[in-house]
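Have a look at the structure below before the remarks.
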Amino acid sequence: MANIARITEIVEPEVKALGLDLVRVILFGKSDVGDEEHTLQIMAERPETGQLVIGDCVALSHRISDKIDALEEAGETLIEEAYRLEVSSPGIDRPLTRLKDFVTWIGHEAKVNLTVPVDGNRKSVVGNLVSVEGEVIALEDKKSGRVTFPFADIHSAKLVLTDRLLAATKPIDLDEDFDEIDEETETQED
């Protein structure tokens with residue numbers, strides 16, 4: 001269907017060129033999103049805020065679209081089927097895709113799905129992130145107490161939306177972002 005590693009190889013320099021960090025590249029199938037097309041989701045963030053504002057989404061979307069179009073014109077097809085490009089912020093209850101995400105969010109609640117079971121045969125654990133030592137993550141699971149697992153054994157992970165997480169999330173200045181978009185729109189209309 002699509003080579004996510006190749007897509008990531010193409011997308012990551014575009015993300016970095018805008019001073020952003022790549023969080024995730026994923027291709028959702030039609031049934032995953034309940035749509036008639038696949039969705040290529042590019043999730044990125046500003047390193048200083050952990051968020052992505054609308055202007056960043058617009059700029060990154062244009063860069064990625066232009067890059068993919070140029071490759072297709074040169075004969076390289078990255079995705080065979082029709083798809084929609086979605087550029088987004090990780091959001092508050094963000095996925096944890098990199099080891100540094102687990103370090104950043106120690107003390108917050110996460111849901112982790114594993115490829116290798118822990119504590120008797122559990123592949124899903126939920127609780128507060130306690131520590132990261134090397135590539136081993138410790139989590140205080142609500143059912144089993146403290147469990148540890150290697151980063152490599154994680155299938156998927158995300159933060160759980162809690163009051164504590166909401167309080168820890170840095171607010172962004174939306175007015176500043178909208179001003180930038182208005183300026184871009186005015187410049188394009190002239």
Side-chain angles (χ1 to χ4, degrees), residues 1-105 110-111 113 151-152 154-159 161 165 169-190:
M1 184 162 123
N3 182 341
I4 294 297
R6 174 67 178 133
I7 294 170
T8 301
E9 181 181 294
I10 291 160
V11 167
E12 193 156 27
E14 303 305 320
V15 172
K16 288 189 181 303
L18 294 174
L20 307 172
D21 285 344
L22 184 62
V23 174
R24 174 171 82 180
V25 175
I26 191 167
L27 183 65
F28 292 107
K30 295 175 190 177
S31 61
D32 294 331
V33 291
D35 203 353
E36 294 182 18
E37 294 182 316
H38 296 277
T39 300
L40 175 61
Q41 182 190 69
I42 310 299
M43 198 174 280
E45 66 183 1
R46 288 222 160 265
E48 61 276 8
T49 64
Q51 300 174 23
L52 201 66
V53 294
I54 294 169
D56 294 331
C57 289
V58 171
L60 184 55
S61 180
H62 286 299
R63 287 186 74 100
I64 292 169
S65 291
D66 291 348
K67 185 70 172 185
I68 290 174
D69 289 348
L71 288 170
E72 287 181 349
E73 286 177 22
E76 182 177 0
T77 302
L78 296 173
I79 302 170
E80 295 289 332
E81 303 84 4
Y83 69 95
R84 174 183 305 113
L85 175 62
E86 174 187 302
V87 175
S88 67
S89 168
I92 295 173
D93 56 344
R94 61 178 299 129
L96 304 170
T97 60
R98 304 161 296 179
L99 196 56
K100 74 179 191 174
D101 295 334
F102 288 88
V103 172
T104 299
W105 295 103
K111 178 178 182 182
N113 294 307
F151 179 72
I154 297 173
H155 176 264
S156 64
K158 68 177 243 164
L159 290 175
L161 190 59
L165 179 61
T169 303
K170 299 174 187 172
I172 55 175
D173 184 357
L174 291 177
D175 291 334
E176 180 181 310
D177 189 41
F178 285 119
D179 290 343
E180 289 176 18
I181 292 172
D182 287 344
E183 288 173 14
E184 283 180 28
T185 303
E186 289 173 12
T187 303
Q188 291 173 358
E189 290 175 356
D190 292 340

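Numbers here simply count residues along the sequence, with the first being 1.
- Nearest heavy atoms, Gly19 versus Pro47: O-CD, 3.3 Å.
- Atom CD1 in Ile54 sits 11.0 Å away from atom OG in Ser89 (nearest 0.5 Å).
- Looking at Arg63 and Asp66, no side-chain N of the basic residue comes within less than 4.0 Å of a carboxylate O on the acidic one, giving no salt bridge.
- Looking at Thr77, its side chain never comes within 3.5 Å of a backbone N or O of Ile79 through a donor-acceptor pair.
- Pro13 and Glu9 make their closest contact through CD-O, 3.1 Å (heavy atoms, listed as atom of the first residue, atom of the second, distance).
- Note on Glu45 versus Arg98: salt bridge recorded, some NZ/NE/NH1/NH2 to OD/OE distance being below 4.0 Å.
- In this structure, CG on Asn3 lies 11.0 Å from CG on Leu27, to the nearest 0.5 angstrom.
- For the side-chain contact (heavy atoms from CB on, under 4.5 Å) test with Ile7, the passing option among Ile68, Leu40, Ile64 is Leu40; the others fail.
- Two residues are said to be in side-chain contact when any heavy atoms from C-beta on lie closer than 4.5 Å; Ile42 and Leu22 meet this criterion.
- Checked against side chain to side chain contact (heavy atoms under 4.5 Å, CB included), Ser65 has the following partners two or more places apart in sequence or in another chain: Ser61, Leu85.
- Note: Lys158 NZ to Asp101 CG = 14.0 Å, rounded to the nearest 0.5 Å.
- When all heavy atoms of Leu96 and Ala110 are compared, the pair lying nearest together is CD1-CB, 3.9 Å.
- Taking every heavy atom of both residues into account, Pro90 and Ala44 meet most closely at CD-O, 3.2 Å.
- To the nearest 0.5 Å, atom OG1 of residue Thr169 and atom CD of residue Gln51 are 7.0 Å apart.
- We find the NZ-CD distance between Lys67 and Glu14 to be 5.5 Å, quoted to the nearest 0.5 Å.
- Of all heavy-atom pairs spanning Ile92 and Leu161, the tightest one is CG2-CD1, 3.5 Å.
- Summarising the geometry of Leu71 relative to Ile10, their closest heavy-atom pair is CD1-CD1, 3.3 Å, with the distance given to 0.1 Å.
- Under the rule for a side chain to side chain contact (heavy atoms under 4.5 Å, CB included), the partners of Arg24 that lie at least two apart in sequence or sit in another chain are Ile26, Phe28, Gln41, Met43, Pro95, Thr97.
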